[in-house]
K.L.:
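Below is a structure I'd like to ask you about.
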Amino acid sequence: MSLYKRKDSPYWWVKITHGGGCLQRSTGTTDRRQAQEYHDALKAALWEQERLGAKPKFSWNEAVVRYLAETSHKASQADDKSHLRWLDRHLNGVALEEIDRARLDRIRQEREAEGVANATVNRMLEVIRGILRKVANEWDWLPKAPSIRMLAEPTRRVRRITREEAERLLAALPTHLRAMAKFSLETGLPKSNVTGLSWSQLDLTRRCAWIHPDQAKARKAIAVPLSAAAVLVLREQTGKHPDVVFTYRGTPVTQVNTKAWR
């Protein structure tokens with residue numbers, strides 16, 4: 001069957017026999033007529049590749065899979081995946097050659113309309129730019145990557161939280177988030193280093209924590225001194241999980257931007 005539906009996707013998918021194998025790909029549309037047009041165009045393109053030696057065409061999905069595999073070492077890959085999940089509604093099944101400046105501007109405008117900060121929009125655009133640069137400069141899947149316009153970000157330094165604000169924040173948070181927030185305030189560590197903190201990174205006797213090179217943006221190990229308050233927070237987590245420090249009902253906490261936090 002050339003067109004079919006999958007349980008895990010709202011879109012039509014195509015299945016085409018090509019080069020002795022079977023190519024399966026999302027059409028990126030829920031409309032059967034549009035899906036059939038996509039199928040016919042893809043089949044014609046494959047025929048051109050096989051018979052006429054035309055250069056193969058790749059989709060956004062294929063680029064994402066390869067990009068994640070090549071950047072698995074990135075400390076910020078969890079953030080990249082979060083942006084890519086949001087982008088899936090716009091770029092799932094889209095051919096790379098169809099991702100132009102106009103399409104990217106529409107994506108940027110829709111993200112802005114959600115009321116997020118310019119910095120958040122820019123981080124998403126940086127992921128797109130990183131993928132498209134690899135597509136054009138390293139993998140030779142496109143002759144040129146489209147230019148991407150970034151938004152202006154405030155240049156002033158974000159002020160420090162006051163002691164009174166910190167006390168109000170901690171009082172308002174549920175127990176598991178309060179512990180993580182207090183540890184962050186005591187150490188200055190960012191979210192990713194706190195949620196991913198393991199017992200093997202701690203020496204409570206010497207009151208020191210270690211951030212591994214693959215967890216640090218500078219790719220260098222970082223020694224973090226622990227205050228008495230930070231050590232107390234850690235001791236309160238003892239016995240809750242054999243490997244990870246901060247948990248909720250026995251499960252490691254991976255996301256703190258939750259309804260409880262807001």
Side-chain angles (χ1 to χ4, degrees), residues 9-14 16 18 23-31 33-50 52-155 217:
S9 173
Y11 305 116
W12 285 97
W13 283 64
V14 297
I16 300 175
H18 172 69
L23 174 66
Q24 299 181 70
R25 181 181 297 178
S26 170
T27 66
T29 179
T30 57
D31 185 279
R33 180 183 59 80
Q34 293 178 355
Q36 186 64 53
E37 292 175 356
Y38 178 92
H39 166 273
D40 295 344
L42 178 60
K43 194 168 185 178
L46 292 173
W47 183 86
E48 289 182 356
Q49 294 170 28
E50 186 173 354
L52 306 178
K55 193 173 183 178
K57 297 179 181 181
F58 297 92
S59 69
W60 169 257
N61 305 63
E62 292 170 302
V64 167
V65 170
R66 182 167 177 178
Y67 176 80
L68 290 176
E70 292 188 4
T71 59
S72 59
H73 62 282
K74 284 183 63 178
S76 60
Q77 193 179 70
D79 294 328
D80 289 354
K81 289 180 178 179
S82 177
H83 291 305
L84 289 168
R85 282 191 290 270
W86 187 90
L87 286 166
D88 190 63
R89 72 183 79 168
H90 298 282
L91 296 176
N92 181 46
V94 176
L96 289 173
E97 61 187 17
E98 296 174 10
I99 303 176
D100 54 13
R101 176 67 178 270
R103 184 187 290 269
L104 293 175
D105 283 344
R106 289 195 299 271
I107 292 173
R108 173 182 52 77
Q109 290 163 4
E110 181 161 335
R111 194 70 171 114
E112 286 183 87
E114 294 181 350
V116 300
N118 283 8
T120 301
V121 179
N122 283 345
R123 299 300 84 73
M124 176 198 71
L125 294 175
E126 286 171 358
V127 174
I128 300 175
R129 184 173 61 184
I131 292 175
L132 294 181
R133 282 181 174 177
K134 279 185 172 290
V135 162
N137 301 335
E138 296 183 25
W139 308 337
D140 196 28
W141 288 4
L142 280 180
K144 182 180 179 181
S147 62
I148 297 178
R149 181 171 63 87
M150 296 291 176
L151 300 178
E153 295 185 36
T155 56
K217 288 187 177 181

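Only this structure's heavy atoms are used, side chains among them; waters, hydrogens and symmetry mates stay out.
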K.L.:
Hey, what do you get for CG (Leu125) to CZ (Arg149), rounding to the nearest 0.5 Å?
P.N.:
9.5 Å
K.L.:
Would you call Met124 and Val116 a side-chain contact if the rule is heavy atoms closer than 4.5 Å?
P.N.:
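No - every pair of side-chain heavy atoms lies 4.5 Å or more apart.
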K.L.:
What heavy-atom pair brings Arg66 and Trp141 nearest, and what distance separates the two atoms?
P.N.:
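Looking at all heavy atoms of both residues, the closest pair is NH1-CZ2, 3.5 Å.
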K.L.:
For the pair Leu91 and Ile107, evaluate side chain to side chain contact (heavy atoms under 4.5 Å, CB included) and give the outcome as yes or no after the intermediate values.
P.N.:
CA-CA 9 Å; Leu91 296 176; Ile107 292 173; 3.8 Å; yes
K.L.:
Restricting to non-hydrogen atoms, name the atom on Ala35 and the atom on Val14 that form the minimum distance, rounded to 0.1 Å.
P.N.:
O-CG1, 4.4 Å
K.L.:
Which residues pass the salt bridge (Lys or Arg N to Asp or Glu O under 4.0 Å) test with Asp105, not counting sequence neighbours?
P.N.:
Arg101, Arg108
K.L.:
Could you report the tightest heavy-atom contact between Ala152 and Asn118, atom names first, then the distance?
P.N.:
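Nearest heavy atoms, Ala152 then Asn118: O-ND2, 2.7 Å.
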K.L.:
Using a 3.5 Å distance criterion without hydrogens, assess whether the side chain of Asn61 forms a donor-acceptor pair with backbone atoms of Gly93.
P.N.:
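Checking the backbone N and O of Gly93 against the side chain of Asn61, a donor-acceptor pair under 3.5 Å is found.
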K.L.:
Which atoms form the tightest heavy-atom contact between Ala145 and Ala136, and what is the distance?
P.N.:
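In terms of heavy atoms, the two residues are closest at N-CB, 3.6 Å.
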K.L.:
How long is the span from the CH2 atom in Trp139 to the CD1 atom in Ile131, to the nearest 0.5 Å?
P.N.:
7.0 Å
K.L.:
Tell me whether Gln77 contacts the main-chain N or O of Leu68 through its side chain, where contact means a donor paired with an acceptor under 3.5 Å.
P.N.:
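Here the side-chain-to-backbone pair exists.
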K.L.:
Using a 4.5 Å cut-off on heavy atoms from C-beta on, say whether the side chain of Trp60 contacts that of Leu87.
P.N.:
yes
K.L.:
Report yes or no: do Trp86 and Glu114 form a side-chain donor-acceptor pair below 3.5 Å?
P.N.:
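Checked: Trp86/Glu114 side chains pair up, N/O donor to acceptor below 3.5 Å.
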K.L.:
Show every salt bridge (charged side-chain N to carboxylate O under 4.0 Å, His left out) that has at least one partner inside residues 121-137, sequence neighbours left out.
P.N.:
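Non-adjacent pairs meeting salt bridge (charged side-chain N to carboxylate O under 4.0 Å, His left out): Glu70-Lys134, Arg123-Glu126, Arg123-Glu153, Lys134-Glu138.
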K.L.:
Under 4.5 Å between any side-chain heavy atoms of Arg111 and His90, yes or no?
P.N.:
no
K.L.:
Salt-bridged, Glu37 to Arg33, with N to O below 4.0 Å?
P.N.:
yes
K.L.:
Do any N or O atoms from the side chain of Glu62 and from the backbone of Ser59 form a donor-acceptor pair under 3.5 angstrom?
P.N.:
yes
K.L.:
Among Leu132, Thr71, Leu84, Asp79, find the one that has a side-chain contact (heavy atoms from CB on, under 4.5 Å) with Val127.
P.N.:
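When side-chain contact (heavy atoms from CB on, under 4.5 Å) is applied between Val127 and each of Leu132, Thr71, Leu84, Asp79, only Leu84 qualifies.
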K.L.:
If I compare all heavy atoms of Pro10 with all of Thr30, which pair ends up nearest, and what's the gap?
P.N.:
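Looking at all heavy atoms of both residues, the closest pair is O-CG2, 3.2 Å.
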K.L.:
Determine the minimum heavy-atom distance between Leu104 and Ser147, stating which atoms define it.
P.N.:
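Closest pair (atom of Leu104, atom of Ser147, distance): CD1-O, 4.4 Å.
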K.L.:
As an exercise, state the distance from CZ of Arg106 to CD of Gln109, rounded to the nearest 0.5 Å.
P.N.:
9.0 Å
